[in-house]
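The next block holds one structure in the form of structure tokens; read it before the comments.
Computed from a predicted model, the values in this text were never measured in an experiment.
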Amino acid sequence: RRSPRAPRRPATAPAAPTSTALRIAVLPIAAPAGDDAALHGLAPVLTGELIARLAAHTRHRVISPASVERFSAEARDLGAAIAQLQVDRVVVASLTQRAGGLDLDVQLIARDQTLVWASRWSRPRDDLQLLWEDAARGLAQRLGVTTQAATAARDPAAYRAYLEGRHHWARRSGESLRRAITYFEQAVALDPDYVQAWVAMAHAYLILPWNGPTPRAEANAKAAAALGRALVLDPTSAAAHAARGNHLTEAEWKWHEAIVAFRRAIELDPGNADAHQWLGEALLYLRRFDEADAELRIALDLAPLAAATYRAHGKILHYAGRYVESEAAWRKALELDPEQPWSSYGLGYALGMQGRFDEARAAIAADRMYRLPGTAPYLTVQWAWLARQRGDQRELARIAAQLDAGELAQVTPWTQAFALAVLGRTDQMLAALERGLAERDQWMPFTAVNREFDPYRQHPRFVAVMAGLGL
């Protein structure tokens, strides 16, 4: 079911542009399901494109794509969208095909659901990117508080490859990320100066090791190369600086340099929710909990319905010792996306720290990550932690024997260290941390904040591990 076509002229007297900063949401675009099925499948990515371009052309606060995706064109409650996103204006757009071209109809709607303004733009099919640029400029002029953003036209085939890559990137599985990288590689082969494609490629490589077995060093090197190219092409790209900060934390463990990169991204684009979230997560590992919390609250203001942002906030609140608030954040993440990885796991830990052990066990076991092949030994480690929290020494001894029988050797060095800390085996735990440092285990930064390691923080070998982490 399509959204009603926007009229060529406003149905109400047009409001004057405002210089007061507004909160604006671009709702998911209704894209054609006719002769270009691929374009219909790209509707979420196209919505993100319009959001990005509008944000570049106005100083109003534009809500992030992750928060609007639930309000699909097929089943949209406009009043609920306005209320839940807490916005002053919503943009409703529909894309239709005609012989040789595309029409984009856009409505700007006020908080009381009255029509403020409407217009249509038309372009040949190969000029899809220019259609978004037309609409973004038109909306920005209508809203006022415009900027003079410069957006270079891209090769149409490169742009289409980039959109396909973004579509697969959003699915966040190992297979989909590899497909996304293939499309981004096609985009930069066709248009070597395509900054957004280089940045997107870097992001895909950075998160690939978190979504399946991937040589981490190789992925990190490719991410670094893509970021280097992006920043040479455009040193003022906020997305590139944010991605560089992410690389500095994920791959290089250079926390203070990462913070500088994130702050530069925010300086260039204060509305970049990802930069605020990633800055908060970097501050977490430096144990700057209040600052981390403040950044996540800004990110949530920009992305009020983003499950991943609530997940990050839950993590920060947990390590700050605020378990009731952490529980609420994890529950919100699961409400928004029941399949969000690590959210049910995090909820279980928040419940366990509150002494709600049966609920904790059920929540941990329900996490989608523990439904993947080969994760049973990791789940056993969680049961060891829960038995220790419960004070059940008999159960802890049983699980310890199970781990010693071979399961402990099947998990990463950091997870081994966590289990050994739970079991109170100091020398083995320190040796596992040293292996994790040498192998650059991706979980190692959690050593800085995980409370199981608190009794060992003054041990010289532990201090040396933390120095190796830059923490």
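Side-chain N or O atoms of Q382 include one that pairs as donor or acceptor with a backbone N or O of Y378 at under 3.5 Å. Checked by atom type and distance alone, the side chain of D155 pairs as donor or acceptor with a backbone atom of A158 at under 3.5 Å. Between the H247 side chain and the N220 main chain, a donor and an acceptor come within less than 3.5 Å of each other. Using modelled atom types, one side-chain atom of H60 and one backbone atom of L22 make a donor-acceptor pair closer than 3.5 Å. The closest donor-acceptor contact from the side chain of D127 to the backbone of L130 lies at 3.5 Å or more, if one exists at all. Under a 3.5 Å cut-off, the side chain of T47 and the backbone N or O of I29 do form a donor-acceptor pair. For the pair R23 (side chain) and Q86 (backbone), a donor-acceptor distance under 3.5 Å is present. In terms of modelled atom types and a separation under 3.5 Å, the side chain of N246 and the main chain of L206 share no donor-acceptor contact. Looking only at distances, no side-chain donor or acceptor of R331 sits under 3.5 Å from a matching main-chain atom of L347. With S237 contributing its side chain and D234 its backbone, the two residues share no donor-acceptor pair below 3.5 Å.
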Q | Worked verdict on V260 versus R264 for side chain to side chain contact (heavy atoms under 4.5 Å, CB included) | A | CA-CA 6 Å; V260 171; R264 177 59 176 152; 5.6 Å; no
(Q) As a quick check of understanding, evaluate side chain to side chain contact (heavy atoms under 4.5 Å, CB included) for V68 and L305, giving each step before the final call. (A) CA-CA 7 Å; V68 302; L305 298 180; over 6 Å; no
Q: For the pair R368 and Q340, evaluate side chain to side chain donor-acceptor pair (under 3.5 Å) and give the outcome as yes or no after the intermediate values.
A: CA-CA 8 Å; R368 61 170 279 193; Q340 178 75 207; over 6 Å; no
Q | Candidate pair W278 and H241, rule ring-ring contact (aromatic ring centres under 6.0 Å, His included), full reasoning | A | CA-CA 11 Å; W278 295 337; H241 283 283; over 10 Å; no
Q: Would you please test R160 and Q129 for side chain to side chain contact (heavy atoms under 4.5 Å, CB included) and show each step?
A: CA-CA 9 Å; R160 188 62 177 261; Q129 58 185 314; over 6 Å; no
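In this structure, L50 and A135 approach most closely via the heavy-atom pair CD1-CB, 4.0 Å. Scanning both residues, A421 and F453, for their nearest heavy atoms gives CB-CE2, 4.0 Å. Taking all atoms of both residues into account, the shortest heavy-atom contact from I63 to I51 is O-CG2, 3.7 Å. Minimum interatomic distance between A303 and S67 (heavy atoms only, all atoms of both residues): C-OG, 2.8 Å. Counting all heavy atoms, side chain and backbone alike, Q277 lies closest to A299 at N-CB, 3.9 Å. For the pair A265 and A275, the tightest heavy-atom approach, listed with the atom from each and the gap, is CB-CB, 4.1 Å.
Interatomic distance, I24 CD1 to T58 OG1, rounded to the nearest 0.5 Å: 5.5 Å. Between the CG atom in L420 and the CG atom in L433 there is a gap of 9.0 Å [rounded to 0.5 Å]. Separating the CH2 atom in W132 from the CG atom in L139 is a distance of 11.5 Å, to the nearest 0.5 Å. In this structure, the separation between NE2 on H203 and CD1 on I181 is 12.5 Å, given to the nearest 0.5 Å. Note: I316 CD1 to E291 CD = 11.5 Å, rounded to the nearest 0.5 Å. Y159 OH to L190 CG: the interatomic distance, rounded to the nearest 0.5 Å, is 15.0 Å.
Cation-pi contact between R440 and W253: present, with separation from the ring centre below 6.0 Å and deviation from the ring axis of at most 45°.
Checked against the 6.0 Å centroid criterion, the rings of W330 and Y310 do not qualify as a close aromatic pair. Residues Y194 and F184 place their aromatic rings such that the two centres sit no closer than 6.0 Å.
For E327 and K332, the salt-bridge test fails: no basic side-chain N is under 4.0 Å from an acidic carboxylate O. A salt bridge links E218 with K222: at least one charged nitrogen is closer than 4.0 Å to a carboxylate oxygen. Taking the charged nitrogens against the carboxylate oxygens, D293 and R322 do have a contact shorter than 4.0 Å, which makes a salt bridge. In summary, D337 and R70 do not engage in a salt bridge, as defined by a charged side-chain N under 4.0 Å from a carboxylate O.
Checked against W342 for a ring-ring contact (aromatic ring centres under 6.0 Å, His included), the options Y349, W443, F446 give a single hit: W443. Each of E295, E281, R297 was compared with H276 under the side chain to side chain donor-acceptor pair (under 3.5 Å) criterion, and only E295 meets it. Partner of T380 under the side chain to side chain contact (heavy atoms under 4.5 Å, CB included) criterion, out of V411, L403, T375, L408: L403 alone. Of the candidates V106, D105, D103, L104, S94 forms a side chain to side chain contact (heavy atoms under 4.5 Å, CB included) with just one, namely D105.
A heavy-atom distance below 4.5 Å is not found between the side chains of M201 and L227. Between D134 and R123 there is a side-chain heavy-atom pair separated by less than 4.5 Å.
For R311, the CZ atom counts as densely surrounded, since its 6.0 Å shell holds more than 12 non-hydrogen atoms of other residues, nucleotides or ligands.
Using a 30° and 60° split on the angle between ring planes, F418 and W414 fall in the parallel class, below 30°.
Looking at H168 and E175, their side chains never bring a donor and an acceptor atom within 3.5 Å of each other.
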